[in-house]
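Worksheet: the structure to be examined is printed underneath.
Order of the sequence lines sets the chain letters (A, B, ...), proteins ahead of strands, with each chain counted from 1.
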There are 2 protein chains.
Amino acid sequence: MELMSNGRTLPLVSYLARSGWRALDTSAQPGDITHRQLLALTLLKERGDLAQQDITRVFGLDASNVVGLLNELEERGLVLRRRDEADRRRHIVALTGEGALMLERTFTRLASIEDELLHALTSQERETLHHLLLRVATSD
Amino acid sequence: MELMSNGRTLPLVSYLARSGWRALDTSAQPGDITHRQLLALTLLKERGDLAQQDITRVFGLDASNVVGLLNELEERGLVLRRRDEADRRRHIVALTGEGALMLERTFTRLASIEDELLHALTSQERETLHHLLLRVATSD
DNA sequence: TATTGTTATACTCTATAACTATA
DNA sequence: TATAGTTATAGAGTATAACAATA
C-alpha cells in the first residue's frame, strides 16, 4: 500500500487546536461559552436541527456525554430539545435565537485569537488554509 | 482594530485534531504510545534536549502534568532525565534511541490515519496544508 | 527571595454499563 | 428484539496549591 502522507501533519493540527481552545477558554469572561459548547452550537448552525444521535456520531463522542453537553446548553436557553413526533424515542435539538447570537459573539472572540495564532500567514494564505480544512471536514 | 480572521477556521482545526488522535488512540495495539506521548516525543525530536520548563511552556500545560507525562515515557525507556550540572534545579530531558524508534513507528501508524482523514485532498494540497501549519507552528 | 521540579487534590472530559421508553 | 436517550460510575487530562532543593 502506497501512502501519500507521512504522519507529520496531524501533530501540527493538534498543536494548533490546543493553542486555540486554550486561548478561548482562558480569555473567557463570566457568561461566555467553552470551546466544547462552541463546537456543538457550530454544528447545529451548519447542519440545522439534529437528533442527539447525529451529534454523537459527528463528534465521535459517547451518547452519554452528549446528554451532559446539551443539558448545559439547554439550561442557558442556547438550544431546545423537542420530541420527534415521527419517532418518539428521538430528541430533535435546535439552535435558539439566543444560541445563534451567542455563536456570533463567540466567533468574534475567536477571530482575534485566530489573528494572533495565524499572524505568520497572509490573508490569502488563511483563506487557503480555511478552504482546505473545510473540504476535509465535509468529505465524510 | 481590523481583523483579518473570522473565527471559522479554528473549529475546523479542532475537529480534525479530535478525529486524528481518536483514530490514533482507538487503533492502538498494546505497547503503542498515546497521542499525548507522541506530541512530547515529537517535540524532543525536533528541538533536541529540553528542560521540563521548556516542555511546559511549549505545550501550555501545567508543570505538574509534564511530570506525569515524562514519568510514563521514562519508565518505558523512551526518554531520559538528567540533572543539568550548570543549574542543578533543572532536569534535562533527552530522547533515547528507543524513543526515536517508537516515534518513527508511530509516524507510520499516523500516516495511514492521515491518508484516510485527508483523502479529499490531492498530494499537492496536503503539502500546502502541511507547510501552512508548519509556518504557524514555528512562528512563536 | 525566586525558580525548577514534585506531590496532593479537585475539577473537567470521556467511556462503559445498566436502565427507561419507544419502535 | 433493537434503538434513542438517560443515569451512575470510573478513568484520563488538566489546573491549583503547597512543598523541597537549588539558585
Side-chain angles (χ1 to χ4, degrees), chain A residues 14-15 17-28 30 32-40 43-44 49-76 79-94, chain B residues 14-15 17-28 30 32-40 43-44 49-76 79-94:
Chain A
S14 194
Y15 174 79
R18 281 162 94 78
S19 303
W21 60 250
R22 266 197 321 109
L24 185 70
D25 289 348
T26 61
S27 75
D32 284 339
I33 58 177
T34 65
H35 78 280
R36 214 157 144 268
Q37 297 172 325
L38 170 67
L39 289 175
L43 184 67
L44 290 170
D49 298 2
L50 292 173
Q52 292 188 200
Q53 190 66 15
D54 301 321
I55 301 176
T56 293
R57 185 169 22 76
V58 173
F59 281 179
L61 272 179
D62 189 85
S64 59
N65 301 318
V66 174
V67 173
L69 180 52
L70 292 177
N71 285 347
E72 297 166 10
L73 293 170
E74 194 172 36
E75 278 165 22
R76 300 182 50 179
V79 305
L80 212 68
R81 275 190 270 219
R82 67 171 190 275
R83 286 277 168 193
D84 180 353
E85 292 305 325
D87 181 347
R88 294 190 46 77
R89 291 173 302 184
R90 278 188 152 78
H91 275 164
I92 304 295
V93 185
Chain B
S14 194
Y15 175 78
R18 281 161 93 77
S19 305
W21 60 251
R22 265 197 323 112
L24 184 72
D25 290 347
T26 61
S27 74
D32 284 340
I33 58 176
T34 65
H35 78 281
R36 215 155 143 270
Q37 295 171 327
L38 170 66
L39 289 176
L43 184 67
L44 289 171
D49 299 0
L50 292 174
Q52 292 189 201
Q53 188 67 15
D54 301 321
I55 301 175
T56 294
R57 186 169 22 78
V58 172
F59 281 179
L61 272 180
D62 190 85
S64 58
N65 301 317
V66 173
V67 173
L69 180 53
L70 292 177
N71 286 347
E72 297 166 12
L73 293 170
E74 194 171 36
E75 277 165 23
R76 300 184 50 181
V79 305
L80 211 70
R81 275 191 268 219
R82 67 169 190 277
R83 285 279 168 192
D84 181 354
E85 291 304 326
D87 179 348
R88 295 191 45 79
R89 291 173 304 183
R90 278 187 152 82
H91 275 165
I92 303 294
V93 185

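Using a 4.0 Å cut-off, some side-chain N or O of Gln53(A) falls inside it from OP1 or OP2 of dG5(D). Taking 4.0 angstrom as the limit, Arg36(A) places none of its side-chain polar atoms (N or O) nearer than this to OP1 or OP2 of dT12(C). For dT6(D), one of the phosphate oxygens OP1 or OP2 lies less than 4.0 angstrom from a side-chain nitrogen or oxygen of Arg81(A). Under 4.0 angstrom from either OP1 or OP2 of dT14(D) there lies at least one side-chain N or O belonging to Arg18(A).
Residue Asp87(A) is in sugar-phosphate contact alone, with no base atom involved, counting any heavy-atom pair closer than 4.0 Å across all strands shown. The residue Arg83(A) sits apart from the nucleic acid: no heavy atom pair falls under 4.0 Å.
Heavy-atom nearest nucleotides on DNA chain D were determined for Trp21(A) and for Ala51(A), and the one closer to the 5' end corresponds to Ala51(A).
Of all nucleotides listed (dT6(C), dA15(D), dA23(C)), dA15(D) comes nearest to the side chain of Asn65(B). Of the candidate nucleotides dA2(D), dT6(D), dT14(D), dT14(D) has the atom lying nearest to any side-chain atom of Leu61(B). The side chain of Gln52(B) has dG5(C) as its nearest neighbour among dT4(C), dA15(C), dG5(C). The side chain of Asp62(B) has dT16(D) as its nearest neighbour among dT16(C), dT16(D), dT6(C). Among dA21(D), dA15(D), dT6(C), the nucleotide with an atom closest to any side-chain atom of Arg22(A) is dA15(D). With distances taken from any side-chain atom of Ser64(A) to the nucleotides dA15(D), dA15(C), dG13(D), the minimum falls on dA15(C).
Between the base of dT4(C) and the side chain of Arg90(B) there is no donor-acceptor pair shorter than 3.5 Å. Donor-acceptor pairing under 3.5 Å, judged by distance alone, is absent between the side chain of Arg88(B) and the base of dT22(D).
A straight line from CZ of Arg57(B) to P of dG5(C) spans 11 Å, rounded to a whole angstrom.
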